[in-house]
Each structure stands twice: as C-alpha cells, then as structure tokens.
S.K.: 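Let me give you the structure first, and then I'll get to my questions.
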Amino acid sequence: MEVSRSRKLTPSWNIHIQQFDFSKVFFSRSNMSVLSPKKSGEFITKNAKNVFIEESGIKKLAHEIAEELKSKELSIDGFSQHELHPQKADEAAVDWIFFADTLNFCFWSADKDHKSWEVSWNGKTYTGYFAFCAAIKKALENGIPITSPKFYSQVTSEQLEKILRSDNPNAKVTLLEDRVACLHQTGKKLIEKYKGSFVECIKECSNSAQSLLKLIVQEFPCFCDEATFHGQRVAIYKRAQILIGDIWACFRGQGLGHFTDIDTITMFADYRIPQVMIHFGAMKYSDELMALLKSDTFLENGSENEVEIRGCSIEVVEQVADEVRKILQSQGHSDLTVNAILIDHFLWDYRRKHAEELESIPFHKTLSIYY
Ligand SMILES: Nc1nc2c(c(CN[C@H]3C=C[C@H](O)[C@@H]3O)cn2[C@@H]2O[C@H](COP(=O)(O)O)[C@@H](O)[C@H]2O)c(=O)[nH]1
C-alpha cells in the first residue's frame, strides 16, 4: 500500500536519491543538498523569527542535568528501566525497537476534545507513547507477532486498528492509514534487502551511527524527516535518530548498540520537549506564536513556525550539552558520558514527571508521521 499522497498530512515522498558522497549530505528531495540535523539546528536558530534561545535557561537546565548525571539518576540505564521496554538486549529487542520507532509519532488525539488514547496493561493505564508500548506488549502476549516484519509488512488496517485500540471508548490512535503504509514500506524493505531484520542494517554500518542514520533515511523514506527552510534543505530526522538512540540505550552502548560516534546524534525533535524548554526558560516563543499555540491551531508539517520550534530545540540541547560538559569538567567529573540522547531523556522524562506543572504550556500540534 502506497503512503497516501493525497492527504496533506504526509508530504509526497517523491524522493530523488542523489548519487552523492553521503558523508556530506543525506537524503535530499528536488536535488537540494541537505544539512545534517546538528547543522540544521544551527541554521534554523540563526534565521528563526518566532522562537528564541535564552542563555539563562540553558545554564539552569545544564546545572540540573549535571546533578542528575553525577547522582546517576540520569544514565544510559533509563531506557531498559521501563517495564514496557524490552528487558533483554538481543535481536528480538532490535526488532521491537525498529517496529516501535516506525510508529513512534503523533500520540495526541486530533478530535476537538482531544480525548486521550489509553491502553491498560497489568493493572496500569497508560497514555501517549507508553500506551503504544502497552499495546505492543498486549499483542505479543496474545500471540500476535506484531514486531515481525513478515507480519507487519502485510498487516491490514483492521488488524492494526484492533491491536492499537484504546481502552477508553471513542478515543482512537491517529493516522491509522499512514501507520499501515509505514509498516508496509519498512517491513517489505527489511524482507527484500536485510534478511527480515534491522539487525542486518546495524551490521552493515561498522558501528557508525552516522552511517546507520544515512542508511535509515535512504532505505526507509518514512523516516526521512526533512523540510525546506529559507531556501535551505534541513534535516530533523527525529524517528531515525531515536531509533539509533534507543538501540544504544537498550544495549547500554555494547554489542549491537556500540557506536563510535554516538555523540553526533542530536536530540529527537518531538512535540513534548519544547514544553520543558519553555518551562526552564531555555527557549521562548514570540507572543504571536504562543497565542497561536494556545488557540489550539495546528501547525503544518514543514511550516516556518513548526521548523523553528524543532530546529531551535535541537540547538538548545547542543548548547546545554556544551554547558554540562563545562560544569562537569570544572567539578572533576569529565569521565561522565554527556550527549544529546541523555539530555533528551532528561527532558522527555521531566515532562512526564511534571505533567501538571507543564499543563499551561501548549505543545505544538502537527499531524505528521515524523514525530
Ligand atoms: N524527544 C523524545 N521524544 C520521545 C521520546 C519517547 C520515548 N522514549 C523515552 C521512553 C523511555 C526512554 O527512556 C525514553 O526516555 C517518545 N517520544 C515522542 O514523544 C511524543 C509522545 O509524547 P506523549 O504523547 O506525551 O506520550 C511523540 O512524539 C514520541 O515520538 C524520547 O525519549 N525523546
């Protein structure tokens, strides 16, 4: 099933693979070379009109993160500590993560009252991303091989709707048809070219996160999260990078999760982290943009405001990482790992722990398969 081209939500994927040296550019559309996510963050921040980075907030965030790294409250173990994530770092975990990150987007509900999609498992009710993880757990426990490419490359809308059904009436998962199309696209490619497992993709990349990133966006277009901003092609690659980040965290940087250049991966520009950045005063919206978000206006994927929010969040994390390294260095802790993935985990987990406090800060709503 082709990804729906008619729907505005999914920009057309008529992508031209450039016969380029991929060490400089990634995947590009309409013959423009694309900046790396890190360079994109810098470029977007420099040219942003409605989103601003605040030095004082960067420092405030950096101090909190440095403390959590020293106390080990923030560490690579975070991913596996969650009961809904794979507990064993093996090939089945890689296929779980690849399946999950193929659909790791848009868990808010687009209907007017935004009734939340909920899934209960083991006596607990989850919403959002963890509701999705609970649905995977339940499918596997019911003998549905949902993380197997053989299964999901042929999954029907009815099957997926049933697997992802909400436990509260009338709420349902968004973009169902796009999710089916993503699964068909990625599942078929894994079977045709990678012996039916993402493990083969990892093995092809000789422990380089950047090589794996290029392979992902080149082979699986539904991960190719790019935009044109002020005439420049920019890459955000949120799901492609979180896929690598989750494998790194699940394997604790060893074996299939060992990447010599993992620190070149940026944060994962979703719709939650900007709320935390605003809360810490590290990022600021213009009054006009804030009013737009508070009025519950959806932002188009690839629009100026949406790209500014996502690009500036990448740059905020890069600046926070530099600041954290300086703090830890000055305190004799330069041995601690500091990278955008761990800072991202702090921010994302912070939002879940302080959901009430952040309630008043609107998150930008974009119906998109990219995040
Ligand atoms: N930047 C970033 N975005 C992340 C994650 C995760 C899950 N990983 C965490 C879980 C355990 C691990 O230790 C990781 O900390 C999901 N999302 C995104 O959030 C949105 C869903 O939000 P809500 O509707 O509130 O559930 C959606 O765009 C989804 O793609 C992350 O880590 N970073």
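Quick caveat: nothing in here was measured; it's all calculated off a predicted structure. Counting starts at 1 for both ligands and their atoms, following the listed order.
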S.K.: Just checking, any donor-acceptor pair under 3.5 angstrom between side chains of Thr297 and Ser295?
M.R.: yes
S.K.: With a 3.5 Å cut-off and no angle check, do the side chains of Thr147 and Tyr152 form a donor-acceptor pair?
M.R.: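 No, no side-chain donor-acceptor contact under 3.5 Å.
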S.K.: Specify the protein heavy atom at minimum distance from atom 25 (O) of ligand 1: its residue, its atom name, and the distance to 0.1 Å.
M.R.: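 Result: Arg351 NH2, 2.4 Å.
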S.K.: According to side chain to side chain donor-acceptor pair (under 3.5 Å), who are the partners of His85, at least two apart in sequence or on a separate chain?
M.R.: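 Partners of His85 under the side chain to side chain donor-acceptor pair (under 3.5 Å) test: Tyr129.
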S.K.: Does the gap between the ring centers of Phe363 and Tyr271 come in under 6.0 Å?
M.R.: yes
S.K.: Decide whether an N or O pair under 3.5 Å exists between Thr127 and ligand 1.
M.R.: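 No - when backbone and side-chain N and O of Thr127 are compared with those of ligand 1, no distance drops under 3.5 Å.
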S.K.: May I ask you to check whether Tyr285 and His364 place their ring centres under 6.0 Å from each other?
M.R.: no
S.K.: Can you report which non-hydrogen protein atom sits closest to atom 30 (O) of ligand 1, along with the distance?
M.R.: Lys238 NZ, 2.4 Å
S.K.: So which heavy atom on Ala249 is nearest to which on Ser80, and how close?
M.R.: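 That closest heavy-atom pairing would be O-OG, 4.1 Å.
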S.K.: Kindly say whether Leu215 contributes a backbone atom to a donor-acceptor pair with the side chain of Glu219 at under 3.5 angstrom?
M.R.: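 Such a contact is absent between Glu219 side chain and Leu215 backbone.
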S.K.: Among protein heavy atoms, which sits nearest to atom 33 (N) of ligand 1, and what does the distance come to when rounded to 0.1 Å?
M.R.: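 Protein heavy atom with the smallest distance to atom 33 (N) of ligand 1: Asp344 OD1, 2.6 Å.
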S.K.: Which atoms of ligand 1 are found less than 4.0 Å from any heavy atom of Arg352?
M.R.: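 Going through ligand 1 atom by atom, the ones under 4.0 Å from Arg352 are 25 (O), 26 (O).
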S.K.: Does Phe268 reach ligand 1 with a nitrogen or oxygen that is under 3.5 Å from one of the ligand's nitrogen or oxygen atoms?
M.R.: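 Such a contact does occur with ligand 1.
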S.K.: Okay, side chain of Glu226, backbone of Ile236: is any donor-acceptor separation there less than 3.5 Å?
M.R.: no
S.K.: Any heavy atom of Met267 closer to ligand 1 than 4.0 angstrom?
M.R.: no
S.K.: Does any N or O in the side chain of Ser166 come within less than 3.5 Å of the main-chain N or O of Glu118, such that one atom is a donor and the other an acceptor?
M.R.: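 Confirmed, Ser166 side chain pairs with Glu118 backbone.
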S.K.: Heavy-atom contact under 4.0 Å between His345 and ligand 1?
M.R.: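 True for this residue.
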S.K.: Suppose I only count heavy atoms of Gly128 and a 4.0 Å limit; which atoms of ligand 1 are within that range?
M.R.: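 Heavy-atom distances to Gly128 below 4.0 Å select 24 (O), 26 (O).
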S.K.: Is Phe130 touching ligand 1 with its side chain, its backbone, both, or neither, if touching means heavy atoms under 4.0 Å apart?
M.R.: side chain
S.K.: Given that the side chain starts at C-beta and the backbone is N, CA, C, O, which of these parts of Asp246 lies under 4.0 Å from ligand 1, counting heavy atoms, or is it both or neither?
M.R.: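 For Asp246, no heavy atom sits under 4.0 Å from ligand 1.
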S.K.: Identify the closest protein heavy atom to atom 23 (P) of ligand 1: which residue and atom is it, and at what distance?
M.R.: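 In this structure, atom 23 (P) of ligand 1 has Arg272 NE, 3.5 Å as its nearest protein heavy atom.
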S.K.: Between Lys137 and Trp121, is NZ or CZ placed under 6.0 angstrom from the six-membered ring centre and within 45° of the ring axis?
M.R.: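 That pair qualifies as a cation-pi contact.
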S.K.: Counting only nitrogen or oxygen atoms and a 3.5 angstrom limit, does Asp349 reach ligand 1?
M.R.: yes
S.K.: With a 4.0 Å cut-off on heavy atoms, is Tyr371 touching ligand 1?
M.R.: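 Tyr371 counts as a contact of ligand 1 under the 4.0 Å cut-off.
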S.K.: Are Lys162 and Glu158 close enough for a salt bridge, meaning some N to O gap below 4.0 Å?
M.R.: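 Result for this pair is no, no salt bridge flagged.
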S.K.: Taking distance alone, with no angle check, do Tyr271 and ligand 1 share an N/O pair under 3.5 Å?
M.R.: yes
S.K.: May I ask you to list the atoms of ligand 1 that are less than 4.0 angstrom from any heavy atom of Ile273?
M.R.: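 In order of numbering, the contacting atoms are 1 (N).
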S.K.: Would the distance check show the side chain of Asn305 and the main-chain N or O of Glu308 forming a donor-acceptor pair, the cut-off being under 3.5 Å?
M.R.: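 Here the side-chain-to-backbone pair does not exist.
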S.K.: What part of Trp348, side chain, backbone, both or neither, has a heavy atom within less than 4.0 angstrom of ligand 1?
M.R.: side chain
S.K.: Going from NE2 on His279 to NE2 on His354, what distance comes out if it is rounded to the nearest 0.5 angstrom?
M.R.: 6.5 Å
S.K.: Out of curiosity, is His85 lining ligand 1, as in a heavy atom under 4.0 Å away?
M.R.: yes
S.K.: To check your reading of the model: name the closest protein heavy atom to atom 13 (O) of ligand 1, its residue, and the distance in Å.
M.R.: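 Checking every protein heavy atom, the shortest distance to atom 13 (O) of ligand 1 gives Phe79 CA, 3.5 Å.
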S.K.: Side chain, backbone, both or neither: which part of Asn104 comes within less than 4.0 Å of ligand 1 when only heavy atoms are counted?
M.R.: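 Looking at Asn104 and ligand 1, atoms from backbone and side chain both fall under 4.0 Å.
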S.K.: What is the nearest protein non-hydrogen atom to atom 26 (O) of ligand 1, stated with its residue, atom name and distance?
M.R.: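 For atom 26 (O) of ligand 1, the nearest protein heavy atom comes out as Tyr129 N, 2.6 Å.
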